[in-house]
Amino acid sequence: MSIRNLKTILVADAVTCVGVFAAGLLAAEPVGALLGLPAQVVAIGGWICLAAALLMIVAARQTVPGAGLVKLIALGNLGWVAASFTVLATFASQMTGLGIAVVAAQALGVLGFAVLEWKAVAGPEAVAAA
C-alpha cells in the first residue's frame with residue numbers, strides 16, 4: 001500500500017470519528033433517542049472518537065506514518081468494534097431497529113478501517129513510497 005493510500009485511509013477514519021464526536025457533543029439526546037441508547041453512551045462514544053481522530057491526524061500528517069502509531073490506531077479501532085458489540089449486547093432490548101443497524105454497520109466499517117490500517121504497516125510489504 002502506498003503512503004498516500006494509508007494517509008487517505010487515516011483521514012477518512014478521522015473524519016468519521018469527528019462526525020461521531022460532533023453527534024455526541026452536539027446532539028447526544030436526540031441521537032440517543034433515535035438509536036434507543038442513553039445519551040451518556042452517545043456522548044462517551046463521541047469523546048473517545050475525538051481522541052482517536054487526533055491520533056489519526058497526527059499519523060496522517062507524518063511524512064511516513066509511524067508503524068507503531070498506526071498499529072495503535074488499528075488496535076483502538078478493534079477496541080471500538082468490541083465496545084460496539086458490547087453496547088448491542090447490553091442495550092439491544094431498548095434499542096430501536098435503526099439503532100441496532102447503525103451500531104452494527106459502523107462497527108463493521110471500523111473493522112474495515114482497522115484491517116486496512118494494520119495491513120498497511122505490518123509485514124514485509126508495508127507502506128511503500130507514494
Side-chain angles (χ1 to χ4, degrees):
M1 174 180 294
S2 73
I3 292 170
R4 182 175 300 136
N5 287 344
L6 174 57
K7 288 182 174 192
T8 299
I9 291 164
L10 289 166
V11 169
D13 199 356
V15 167
T16 64
C17 286
V18 169
V20 173
F21 168 69
L25 180 68
L26 303 173
E29 288 287 337
V31 170
L34 185 65
L35 303 179
L37 288 171
Q40 185 177 16
V41 171
V42 175
I44 290 168
W47 286 108
I48 291 168
C49 283
L50 175 62
L54 293 173
L55 289 176
M56 293 164 190
I57 295 302
V58 166
R61 291 185 50 98
Q62 294 175 336
T63 304
V64 176
L69 180 55
V70 175
K71 286 181 180 180
L72 176 66
I73 290 165
L75 290 173
N77 278 340
L78 292 177
W80 180 270
V81 171
S84 296
F85 286 110
T86 300
V87 165
L88 284 172
T90 303
F91 297 103
S93 64
Q94 73 184 48
M95 291 177 72
T96 64
L98 177 64
I100 292 169
V102 166
V103 172
Q106 64 77 34
L108 294 175
V110 172
L111 178 60
F113 279 128
V115 169
L116 290 171
E117 290 157 352
W118 189 270
K119 281 185 167 186
V121 294
E125 297 175 19
V127 177

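We use all heavy atoms of the structure for the numbers below, so side chains are in, but hydrogens, waters and symmetry mates are not. These numbers were taken from a predicted model, which means no experiment stands behind them. We number each residue from 1, following the sequence as shown.
- Side-chain N or O atoms of K7 include one that pairs as donor or acceptor with a backbone N or O of Q62 at under 3.5 Å.
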**Prompt:** Taking it one step at a time, do L111 and W80 satisfy side-chain contact (heavy atoms from CB on, under 4.5 Å)?
**Reply:** CA-CA 9 Å; L111 178 60; W80 180 270; over 6 Å; no
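- Linking ILVMFWY side-chain heavy atoms closer than 4.5 Å, directly or via other members, places L75 and V115 in a single hydrophobic cluster.
- The shortest distance between side-chain heavy atoms of T90 and V41 does not fall below 4.5 Å.
- Contact between A28 and V42 at its shortest, heavy atoms only, is CA-CG1, 4.0 Å.
- Among all heavy-atom pairs drawn from I100 and A92, the shortest one is CD1-O, 4.1 Å.
- Of the possible donor and acceptor atoms, one in the side chain of T96 sits under 3.5 Å from a partner among the backbone N and O of L34.
- Side-chain contact between S84 and V110 is absent, with no heavy atoms from C-beta onward closer than 4.5 Å.
- V20 and V15 end up in different hydrophobic clusters when Ile, Leu, Val, Met, Phe, Trp and Tyr side chains are linked at under 4.5 Å.
- If you take CZ on F113 and OG1 on T16, they are separated by 4.5 Å, rounding to the nearest 0.5 Å.
- Each of F21 and V103 belongs to its own hydrophobic cluster when Ile, Leu, Val, Met, Phe, Trp and Tyr are linked at side-chain heavy-atom distances under 4.5 angstrom.
- Here the CG atom belonging to N77 is positioned 5.0 Å from the CD atom belonging to E117, to the nearest 0.5 angstrom.
- Hydrophobic clustering, with ILVMFWY side chains joined whenever heavy atoms are under 4.5 angstrom apart, keeps I9 apart from V11.
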Donor-acceptor list for residues 44-58 side chains, cut-off 3.5 Å, not counting sequence neighbours:
none

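- Taking all atoms of both residues into account, the shortest heavy-atom contact from A59 to I73 is CB-CD1, 3.9 Å.
- Residue L6 is grouped with residue L69 when hydrophobic side chains (ILVMFWY) are merged at heavy-atom distances under 4.5 angstrom, including chains of intermediate members.
- Around CD of Q94, the count of heavy atoms belonging to other residues, nucleotides or ligands within 6.0 Å exceeds 12.
- The nearest pair of heavy atoms linking V87 to M95 is O-SD, 4.3 Å.
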